[in-house]
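This report concerns only the one structure given below.
Since the model is a prediction, treat every value here as computed from it, not as a measurement.
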Amino acid sequence: MPEIKELETPVAAAGEAPASPAPKKPRKKRKLGKWIFLGLVAALIVFLAYNGMKAAGAKPLVTYDQAVTQDIDATLSVSGTITPSGTRSYFVPGSVRVEKVNFKQGDRVKKGDVIATFDLTDLQRSLKKAELTLENAQLQYDDTMEDLDNSTQELYDINKEIRRLEARETTYKLAYDYFDRYPTNDPEIDAIIAAHDHGEGSGEMYDAWQAIVDELAGKVANRAALRGADLSDNNQKVLENNLELQKLEYEEVAKLVNESKGGIVADFDGIITQMNLVEGATVSTGTDAVEVASTESILLRFSVGKYDVDRVQLGQTAEVTFGTKELTGTVTRLDGAATTETNNNTTSTVLKGDLTIEDPDQLLKLGMDANAKILTAQAFGAVSVPVETVKVDRDGDYIWTVTPCTEEKAAQAGLWELHKKYVKTGIFDDVNIQILEGLEAGEFVCATLPANPAEGAQVQVMAIGAAAEAAAQAAPSQPETEG
């Protein structure tokens, strides 16, 4: 049979201190977990004690806590999807060839970054062609009108008069504009102002100016009538339409050139969520080229049910948890109407809203989920009790309290009495609830109760929670004994 060796336990040498265990890593406080654990322990003790007392015919045992004064932060836990505050789609203004693509889908861009550029050779050629066509149309129109106006002495004379009136009208307009700044050091303008400055303001000059405008309009109408005698209205309209058409075509091509000249430039900091451009490829007018989601402001899109919708308001702050990171957010939007959602064949009506998150280090990832606790209310120095001590019936919220018995025999036995108190409650957090009316700080409230509790019933008690801590602090310390 093989020899079995016992495991040896290391022993410190004489005069040598035993090795200390490795220090534990610090951990966050878990207040809620602590009270749950203590509650379970207390429940077990009560269960065992109750069974023992029941067998012996003793009074039932209840555990009690204490109403305390403390600050309460009421929060609402929500979850949602990280979304951008806005997106923009960039379209190709004209049919061009993609010259350079500087970013790919998923890349971050800064405001002013050139995302892509285009080869404008074909557009520049089209612009030059449109410019020449417009010039030809203008020359054709001018030549035709000039020939027509020189065809008779009457037309020649009236055109000469129109040119004189147009110059005169321009000068009078300037004189009217500069009337209050006379003299202007322009002899012609100053002469007009002086001729009409009779201490009655600029009204007389305005009338003279309008008389010139009216006379000019009459001359233009006369010229049109004389032209119509030698050139039909239709022929004139054809020339005018052709000239206008060429102007529109030129302006359209010039606009395309200007819009394409700098390429596609980011209007804000963001992430490219869609890229449809390939270097060297020709794209047509109106192509959805690039989509950029803004990262200048990141949102958590959340929803709340009908029982919590009245707790959420614009401007409330929130603690947002993304993985191991904690960030700060603010409620900046609540939809004006509810939305119907279906999840696992269950339909519910919710109200959606947005939390704007402060993310200076760009930790958040668009499209992923995050959790948040919205601070819905705060109470400072509030009388509070554990949430589970508050009960409700058709008359309202109530609490069972315990007080020491005053009857001598019961007092000597250490018994306490049960009392039912109706209270008005306020805000609450995960552990405590605010008591607005009906209870004072320091009173003892029942955490566990016997079956069918009755007003004035005598019970045995055991302190837990804040009551146990207060009792431990109040207990006199035991004197040390000499060894």
Side-chain angles (χ1 to χ4, degrees), residues 31-32 34-72 379 381-429 431-479:
K31 183 177 179 182
L32 181 58
K34 168 187 172 183
W35 292 120
I36 292 176
F37 174 75
L38 292 176
L40 292 174
V41 172
L44 178 60
I45 293 173
V46 171
F47 176 75
L48 296 175
Y50 175 74
N51 285 341
M53 289 184 295
K54 185 177 180 181
K59 298 294 183 181
L61 176 68
V62 302
T63 59
Y64 70 91
D65 208 327
Q66 188 173 20
V68 297
T69 301
Q70 62 181 356
D71 298 339
I72 297 179
V383 176
S384 64
V385 297
V387 173
E388 65 272 10
T389 63
V390 178
K391 316 296 180 184
V392 62
D393 61 17
R394 63 184 179 181
D395 294 324
D397 296 332
Y398 66 92
I399 292 177
W400 284 100
T401 64
V402 285
T403 58
C405 289
T406 56
E407 190 270 324
E408 182 178 359
K409 184 176 180 181
Q412 290 177 353
L415 298 180
W416 292 42
E417 291 180 351
L418 287 176
H419 300 285
K420 185 178 182 180
K421 287 190 173 185
Y422 283 93
V423 296
K424 180 180 179 181
T425 59
I427 67 173
F428 57 89
D429 58 20
V431 179
N432 302 299
I433 185 169
Q434 179 186 18
I435 304 299
L436 299 173
E437 297 177 6
L439 194 73
E440 301 293 334
E443 292 192 61
F444 300 124
V445 296
C446 294
T448 58
L449 291 164
N452 301 318
E455 177 67 27
Q458 295 180 349
V459 294
Q460 298 188 68
V461 296
M462 182 177 67
I464 63 170
E469 290 182 5
Q473 293 175 1
S477 58
Q478 297 294 329

Check your understanding: Do other residues, nucleotides or ligands put more than 12 heavy atoms under 6.0 Å from Phe428 CZ?
Key ->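 Not buried by this count: 12 neighbours or fewer within 6.0 Å.
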
Exercise for review: Taking atom NZ of Lys391 as the centre, report whether more than 12 heavy atoms of other residues, nucleotides or ligands fall under 6.0 Å from it.
Suggested key: yes

Just wondering, do [Y] and [X] contact through their side chains at under 4.5 Å, heavy atoms?
| X | Y | answer |
| --- | --- | --- |
| Thr425 | Ile435 | yes |
| Val385 | Asp65 | no |
| Tyr422 | Asp393 | yes |

Would you name the heavy atoms of [X] and [Y] that are closest together and state the gap between them?
| X | Y | value |
| --- | --- | --- |
| Pro386 | Ile433 | O-CG2, 4.2 Å |
| Glu417 | Cys405 | CG-SG, 3.4 Å |
| Ser384 | Ile72 | CB-CD1, 3.6 Å |
| Val62 | Pro450 | CG1-CD, 3.2 Å |
| Val383 | Glu440 | CG1-C, 4.1 Å |
| Thr69 | Ala441 | OG1-CB, 3.4 Å |

**Study point:** Audit row: Thr401, Leu439, side-chain contact (heavy atoms from CB on, under 4.5 Å) steps and yes/no
**Key:** CA-CA 9 Å; Thr401 64; Leu439 194 73; 3.9 Å; yes

Measure the [atom1]-[atom2] distance between [X] and [Y] for me, rounded to the nearest 0.5 Å.
| X | Y | atom1 | atom2 | result |
| --- | --- | --- | --- | --- |
| Gln70 | Asp429 | CD | CG | 7.0 Å |
| Gln460 | Leu415 | CD | CG | 6.0 Å |
| Gln66 | Ile464 | CD | CD1 | 12.0 Å |
| His419 | Trp400 | NE2 | CH2 | 9.5 Å |
| Lys420 | Ile399 | NZ | CD1 | 12.0 Å |
| Met462 | Thr448 | CE | OG1 | 7.0 Å |

Exercise for review: With sequence neighbours left out, write down each residue that passes side chain to side chain contact (heavy atoms under 4.5 Å, CB included) with Asp71, or none if nothing qualifies.
Suggested key: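 Phe380.
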
